[in-house]
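What follows is one structure encoded as structure tokens, with my remarks underneath.
Sequence lines set the chain letters: A, B, ... in the order given, protein chains first and strands last, and positions in each chain run from 1.
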Amino acid sequence: MTPINWLRIMKRLRKKFYERNTIKVARDLLGKFLIRIIARPHRQAKLGGQSKKKIIALITETEAYHGPKDLASHASRGRTKRTEVMFGLAGRAYVYLIYGMYYCFNIVTGKENFPAAVLIRGVEIINNLKPKTYNQLISGPGKVCRELKIDRSLNKENLLKSKKLFVVEDKKLLKKYYPQGFKIKIGKRVGVDYAGEYRNKPWRFILSCRGG
DNA sequence: AGATTGATCCAT
DNA sequence: TGGATCAATCTG
């Protein structure tokens, strides 16, 4: 089998994409591909394997956290050491530890000084280029990070430049898995019952098969 | 339904 | 400085 350099074909999402309204970005991230490149230990690479492992993950579930008034958002408490990244430039990673055990991965969106980000809640890991059934469905933000080996070392990573973590669009590859396109389910965000009127905002987006 | 686990944030 | 809280997950 001829190896294919998928990364050459894929188009990395640029600043313009992330800079838009958080809710639109959250919706539009569905069907894009999250790319995670992990350096293997030198010794392992020397034994004949590739020096880097590439994980390609179709984004299937997102949530928007939008602005200083969104009580579900960490940034609603204002600018702190932790949340300052959410106030910064779009296209950065915001990774934080939750419940002392799990990481959550967000992508900063919107204009500078407007705190906003999209939480990646679910992906479909593309293990190979064979039928869909070979792929691995990951549901839950903690599991996404575990599977893609995302931890706080990637906090503030610039997805516009990074060689470790970024998002691409590839319509051909998407069509392979969703030949008839897909629908988007919209719902309330998970685990934000404390957020007053913001708890009911329909800012959760789930990719689903047509008719499914 | 309960346990887990530690960074974060705000009130002492 | 203390302690309540938490954008979650697993087990039973």
Apply side-chain contact (heavy atoms from CB on, under 4.5 Å) to A:Arg12 and list each qualifying residue two or more places apart in sequence or on a separate chain.
A:Phe166, A:Val168

With A:Glu19 via salt bridge (charged side-chain N to carboxylate O under 4.0 Å, His left out) - residues at least two apart:
A:Lys15

For A:Lys69, which residues count as a salt bridge (charged side-chain N to carboxylate O under 4.0 Å, His left out) partner, sequence neighbours excluded?
none

Which residues pass the salt bridge (charged side-chain N to carboxylate O under 4.0 Å, His left out) test with A:Lys149, sequence neighbours left out?
none

Chain A vs DNA chain B, heavy-atom contacts under 4.0 Å, first-to-last nucleotide span, 5' to 3', is B:dT4 to B:dC10

Mind listing the side-chain donor-acceptor pairs of residues 195-206 of chain A below 3.5 Å, one per line with the distance, residues two or more places apart or on another chain?
residue  : atom : partner  : partner atom : Å
A:Arg199 : NE   : A:Gly196 : O            : 3.3
A:Asn200 : OD1  : A:Lys188 : NZ           : 3.3
A:Arg204 : NE   : A:Glu61  : OE2          : 2.8
A:Arg204 : NH2  : A:Glu61  : OE2          : 2.8

Using salt bridge (charged side-chain N to carboxylate O under 4.0 Å, His left out) as the criterion, list what pairs up with A:Arg146, not counting sequence neighbours.
none

Contiguous Watson-Crick or G-U pair runs (3 or more, under 3.5 Å) in DNA chain B:
B:1-4 with C:8-11, B:6-11 with C:1-6

Pairs under 3.5 angstrom only: tabulate donor-acceptor contacts from the side chains of residues 98-112 of chain A to other protein residues two or more places apart or in another chain.
residue  : atom : partner : partner atom : Å
A:Asn106 : ND2  : A:Tyr94 : O            : 3.2
A:Thr109 : OG1  : A:Thr22 : OG1          : 3.3

Quick one: how far along DNA chain C does chain A reach, first to last nucleotide 5' to 3', anything under 4.0 Å to a heavy atom?
C:dC6 to C:dC10

Any carboxylate oxygen within less than 4.0 angstrom of a Lys/Arg side-chain nitrogen, looking at A:Lys32 and A:Asp170?
no

Can you name the residues that form a side-chain hydrogen bond (donor to acceptor under 3.5 Å, both in side chains) with A:Ser51, not counting sequence neighbours?
none

Do any pairs count as a ring pair (Phe, Tyr, Trp, His ring centres under 6.0 Å) and have a residue in residues 106-126 of chain A, sequence neighbours left out, and if so which ones?
A:His66-A:Phe114

Regarding A:Arg199, tell me which of base, sugar-phosphate or nothing describes its non-hydrogen contacts under 4.0 Å with the strands shown.
nothing

